[in-house]
Structure formats: C-alpha cells, structure tokens
Amino acid sequence: MSKKKSAVMPLLYLAQKQNNNWIPLAAIKLIADTLNTTYIKVYEIATFYSMYNLAPVGKYFVQVCTTTPCMIRGSGKIVDTCKKIISKKQGELNQDLNSSWIEVECLGACVNAPMVQINNDYFEDLTDKKAEEIFKGFKEGRLPRFGSQSGRKGSEPTSNRTTLLKNA
Ligand code: FES
C-alpha cells in the first residue's frame, strides 16, 4: 500500500484553504490522481468529516454545535437565531452578510455551552441575543473577541472559582 494515500486529509484541507473554504469536485479528482487512488476513496473521506465543505460557504462560516450539552444549554435558540439572521435553511449563503451556517456535532467546548465556531474561532457561553449581535456584525466585518461571551475566564464557574483561594 502506498504511503502517499496518507496525504488525503492534508491535501483536502489545503484545497479548501486555497478555494475560499470549500472543495470543488475538480479538486477531489486532482487529489485522487495525485495520490494514485480512486476518486470515490477521496470523496468518501471528504463527505465523512464535517470540517470539509463541498459547497461554497460564506466568508463568515458559522458552525452551531447542537449535541446534548449545547442542546441542554440552549443551542436550539442559537439555531433559531441563525435561521432569523443568516438564512432559513442551513448551508444557504446570505449574500448581504457574506455568511452561512450549519449544524455540527460536539466541537469539544461543552463546558462553555452553548457555542458556535466561526471560521477558526470558538464563541462560547452564548445567548440568542449575543449570537444575534455577533451575526449582525458580519455586515461591518466585525467579530468580538473569541472565547467566552459571558465574561467568565476560560471555564471557571460562573459564580467565580471556589477552590485555591487562600493564597490568591
Ligand atoms: S456539546 Fe457542544 S461543544 Fe460539546
């Protein structure tokens, strides 16, 4: 078996990066040819992982986590806000805001749920109001600082930490 094939994922990532964050079928075919493998093998990988976009996405690409911890903490309202501000259906491009959104599985920031990923950054501890404010800011090219949007540091308890206070 050829070691070349282990380059499939990095090449898909590069193709996406070079093409406004999405991978056209022509790039999948070129990767398959370059690695001496079949088109379908590359396609299977590209469709398995949500990190690969196979259709154009907005300059501001919002991925909303709707897995259980985020769902319990209100990701449904974040999805409703996406539908209200960005587009009724996920994957649809909003030309005015240069943005699109999709639902994804756990992004590994459950402790600060609910959260979204916008391009490469995480925006956590969201409310529907805060999400609306962020999405509306796309029009002016404005994004808040990434991380918790509630003001807490990292994933400290919302009522401040309760341990290791003696010598603080
Ligand atoms: S469940 Fe949303 S980040 Fe894990």
Side-chain angles (χ1 to χ4, degrees), residues 6 8-23 42-94 96-165:
S6 62
V8 169
M9 292 185 71
L11 288 180
L12 283 169
Y13 175 77
L14 271 180
Q16 178 164 283
K17 203 171 173 195
Q18 291 170 0
N19 190 53
N20 292 327
N21 207 16
W22 73 282
I23 306 168
V42 181
Y43 186 77
E44 280 169 358
I45 293 166
T47 52
F48 180 80
Y49 294 100
S50 66
M51 66 191 202
Y52 299 124
N53 305 314
L54 301 181
V57 296
K59 178 180 172 196
Y60 299 98
F61 180 46
V62 180
Q63 298 178 68
V64 188
C65 171
T66 53
T67 303
T68 314
C70 281
M71 185 195 72
I72 291 168
R73 299 273 297 161
S75 66
K77 286 184 176 175
I78 309 300
V79 167
D80 290 344
T81 307
C82 286
K83 288 179 181 171
K84 186 174 128 193
I85 307 292
I86 302 174
S87 61
K88 279 206 173 96
K89 281 164 84 186
Q90 57 176 316
E92 270 178 8
L93 210 53
N94 177 326
D96 197 34
L97 296 178
N98 201 353
S99 169
S100 60
W101 71 278
I102 59 165
E103 273 185 53
V104 292
E105 298 298 326
C106 180
L107 289 168
C110 327
V111 74
N112 287 12
M115 58 80 66
V116 301
Q117 179 176 349
I118 303 174
N119 301 339
N120 294 321
D121 293 319
Y122 281 10
F123 297 83
E124 304 152 354
D125 292 326
L126 287 173
T127 59
D128 47 346
K129 205 171 159 217
K130 187 71 198 172
E132 183 167 340
E133 197 183 308
I134 293 172
F135 301 159
K136 284 183 172 169
F138 294 161
K139 198 165 186 161
E140 286 90 44
R142 189 166 23 90
L143 267 181
R145 186 170 158 68
F146 53 80
S148 172
Q149 300 301 303
S150 70
R152 70 167 154 162
K153 189 175 172 196
S155 52
E156 277 183 352
T158 46
S159 55
N160 212 339
R161 62 195 170 121
T162 54
T163 58
L164 302 173
L165 293 170

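Positions are given from 1 along the sequence. Predicted model only: the values in this text are computed from it and were never measured. All values below come from the heavy atoms of this structure, side chains included, with hydrogens, waters and symmetry mates left out. When a ligand or atom number is given, it counts from 1 through the structure's own listing order.
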Exercise for review: Output yes when K130 and E133 qualify as a salt bridge under the 4.0 Å nitrogen-oxygen rule, no when they do not.
Suggested key: yes

Point to revise | Side chain proximity check, F123 to L143, heavy atoms < 4.5 angstrom | key: yes

Check your understanding: Just how far is it from atom CD1 of I134 to atom OG of S99, taken to the nearest 0.5 Å?
Key -> 11.5 Å

**Study point:** Sub-2.8 Å protein N, O or S atoms surrounding atom 2 (Fe) of ligand 1
**Key:** C65 SG, C70 SG

Review point. Do S148 and E124 have side-chain atoms, one donor and one acceptor, less than 3.5 Å apart?
Key: no

Check your understanding: Where does the angle between the aromatic ring planes of F138 and F135 fall among parallel (under 30°), tilted (30 to 60°) and perpendicular (over 60°)?
Key -> tilted

Review point. Is it the case that T67 and E105 place a side-chain donor and acceptor less than 3.5 Å from each other?
Key: yes

